[in-house]
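I have placed the structure first, in the form of structure tokens, so that the comments after it can refer back to it.
All ligand and atom numbering here is 1-based and tracks the order in the structure.
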Amino acid sequence: MQPGRIKLLPDHVANQIAAGEVVQRPASVVKELMENALDAGADDIKLIVKDGGKALIQVVDNGQGMNEVDARMAFERHATSKISSAEDLFQLQTKGFRGEALASIAAVAHVEMKTKTADAELGTYLKIEGSRVVKQEPVATPKGTSIAVKNLFYNIPARRKFLKSAQVEMRHINDEFFRLALAHPGIAFSLIHNGNTVYHLPKSNRLQRIGNLFGNKMPQKLVPIEEATDYIKIYGFTGKPEFAKRKRGEQFFFVNNRFIKSPYLNHAVLSAYEGLIKDKAFPSYFIYFDIDPKHIDVNIHPTKTEIKFDDEQTVYAILKVAIKHSLGQFNLSPSMDFDSRPDLEVPYDYNKKTPVNPQINVDPDFNPFKEDDFGQPAKVSPQRMSKQFEYFETLMHETAQTADQLTNDTPPQPETFIRFESDMNRPSFQLKLKYIVTNRDDQLLMVHQNRAHLTVLYHNLLHQLQQGRMASQQLIFPVELQLNPDEISYLEEHQSKITAMGFDLDFDQAGVLVKGVPVELKIQAITGIFQEILEKLRYENPDKITDIEERLALIIAEQSAVKTGQKLSETEQQKLLNDLFKLPNPRFTPTGKKVFSSIEAKDIDKKFD
Ligand code: ADP
Ligand code: MG
């Protein structure tokens, strides 16, 4: 008989392949080793790192340790003391569950382990290289386990090369360390990098742990959350709105003391803050969920940072109420309505704005755009005015519709009131190199030149972006983006959309190269805009990338608009005015600032009374 072509993979090869999934970078090793230490019941865990983990990752614990047989077994694939049947997967209380971590790590690094159980006289020392045990002997060592992982990916040069700088890898390790330390405040942790003790965290309560990690000012910036139902218990801390930061800050979810990422639940938190914090600001939060493991599925992601609840909408609703409740209890929220079931569909902002009457056109005398800077508009109370503006701005900012579309279902738009016949020449002059002054019928018009140009550019750019025909310019010196594999995969997934915005990206193993950008986008803005794109892709609904187009249009418009102080020729002034008043809504900049103001001749008359 001919020998068949199918062979079983040798174990060390299978382990290397499995390692590809479990061990992506030094931080993954840190996570696996520390989770094992927690599972072993340790209450003091030391993490020792050299060179961002590229040279050494060592975890020393005082847990239950292993006897000689288990020490050896631990490195076999599918060796685990934690489950024995597939059903166990659904009842999981421990961290590890696949029995793959140690085998995978040992396949791609040099590993040394010392371990001893409480009742054993001597412990076991093991040295493993590329899945092969090269040394095993008895050793005097304290109760517990110490595992040192050296020269990660020494036998897979392609992976080794893929590692980022020690600094970047250290940041990832730090992230893992923080997540575990926050999840287990009752356990002492320390982190030592290149011989320096970076953190030494005593056993403490949750709030103290947060203070020890983020500085002792942090606890004052938080309010407690607590909400318990039969289905889930939610507790932890969330940031007082006034401390919300422009950069996504410290935002942590833990489910049964395991860190998770959840764009969906993040949205619940943010929506509870709506109206309390500025648009682009982020609150800090440290939120813990306790739930019967039968309601969750942890095993959907190989690195286990994503989980599924069997009833996500309920969690969303309870979380939102919990946070609103806390903010309200501490007198931070202007309006609270606990009785109404939190509505999943309607954004909070709309609820809040219910007094706004959307039917502007029922009052024919009311013209929100006819006021000027110097007098009250006739027949309209100031209060009502601002309500109307609020409504208008809501339309402007909260719907993705263009102003054109809005005219179909909304009453008079500003265009009705300010209309320059196309390309009509008007006398104009610059005041303080800041305003363009001109007239229209019986009005004196003062146009803010920077805002006017910004608004014109914005609408043109947005139009081009929406049509997917944004002009692109090649960079002489391509810009490299420092991204982790996760982020790269997000960009890759949405590449066509990003290309349509005028970016030319080059993906390679080591990162992403920006070779082309939308015309007029300044090089300094590239990293920032990609951070924003990634934020949207990761934490929000990727379909809402229209937001990104608006941001991109705004950034470019801000960069390219004529500035205050810039002299404009009369032709330039004319062009700007004509372009501006061709817009469906020239009155406001995309961020809602006033573009121009007017004075009626009759009000000028009054000055001469
Ligand atoms: P898993 O954690 O999924 O079981 P691992 O490969 O991470 O798989 O570990 C294999 C086994 O080795 C564990 O089930 C446990 O019995 C043992 N083990 C690993 N690390 C430790 C430790 N620090 N202390 C005690 N036992 C450990
Ligand atoms: Mg494990």
Side-chain angles (χ1 to χ4, degrees), residues 11-12 14-24 27-48 57-109 111-120 123-128 131 133 136 139 141-149 152 176-177 179-180 183-184 187-190 256-259 293 298-299 301-305:
D11 261 2
H12 72 276
N15 284 340
Q16 274 194 15
I17 293 168
E21 208 188 322
V22 182
V23 187
Q24 283 153 359
S28 347
V29 175
V30 166
K31 177 170 194 264
E32 296 294 342
L33 295 184
M34 289 183 64
E35 287 187 344
N36 280 348
L38 288 163
D39 285 345
D43 68 356
D44 194 337
I45 299 175
K46 210 177 267 129
L47 170 62
I48 302 162
I57 300 157
Q58 183 174 10
V59 172
V60 184
D61 71 54
N62 64 352
Q64 67 193 30
M66 285 170 267
N67 67 25
E68 202 185 325
V69 178
D70 285 347
R72 188 85 185 226
M73 273 290 285
F75 291 93
E76 298 290 329
R77 200 138 64 94
H78 305 305
T80 176
S81 53
K82 298 167 193 173
I83 54 168
S84 49
S85 75
E87 279 94 82
D88 288 354
L89 277 174
F90 296 96
Q91 288 299 334
L92 220 70
Q93 295 293 354
T94 60
K95 305 284 172 192
F97 51 81
R98 306 191 311 173
E100 265 179 338
L102 289 185
S104 301
I105 292 166
V108 295
V111 177
E112 281 176 87
M113 176 168 88
K114 285 185 202 171
T115 184
K116 191 181 91 70
T117 56
D119 47 2
T124 305
Y125 169 84
L126 261 184
K127 186 172 182 180
I128 299 174
S131 293
V133 178
Q136 174 169 1
V139 69
T141 183
K143 176 206 158 206
T145 303
S146 159
I147 300 185
V149 175
L152 186 63
E176 289 300 345
F177 182 83
R179 291 163 183 181
L180 289 163
H184 303 276
I187 287 167
F189 290 94
S190 16
N256 296 347
N257 287 330
R258 186 196 299 278
F259 171 82
V298 235
N299 206 6
H301 195 275
T303 52
K304 294 173 270 171
T305 50

Short N or O distance, [X] and ligand 1, threshold 3.5 Å exclusive:
| X | answer |
| --- | --- |
| Leu102 | yes |
| Asp39 | no |
| Gln64 | no |
| Ile147 | no |

* Which segment of Leu33 sits under 4.0 Å of ligand 1 when only heavy atoms are counted -> neither

* Structure fact -> The atoms of ligand 1 lying under 4.0 Å from a heavy atom of Ala74, numbered in the order shown, are 10 (C), 12 (O)

* Structure fact -> So the atoms of ligand 1 within less than 4.0 Å of a heavy atom of Ala101 turn out to be 6 (O), 7 (O)

Find out whether [X] and [Y] are in side-chain contact, i.e. whether some heavy atom of one side chain is under 4.5 Å from a heavy atom of the other.
| X | Y | answer |
| --- | --- | --- |
| Gln136 | Glu68 | yes |
| Ile147 | Ile57 | no |
| Thr141 | Ser146 | no |

* **Whether Phe189 and His184 hold their rings parallel, tilted or perpendicular, with breakpoints at 30° and 60°** => tilted

* Asked: Quick one: does Glu32 get within less than 4.0 Å of ligand 1, heavy atoms only?
  -> no

* Asked: Could you go step by step and tell me if Leu152 and Val108 meet the side-chain contact (heavy atoms from CB on, under 4.5 Å) rule?
  -> CA-CA 6 Å; Leu152 186 63; Val108 295; 4.0 Å; yes

* **For Asp43, salt bridge (Lys or Arg N to Asp or Glu O under 4.0 Å) partners two or more places apart** => Lys203

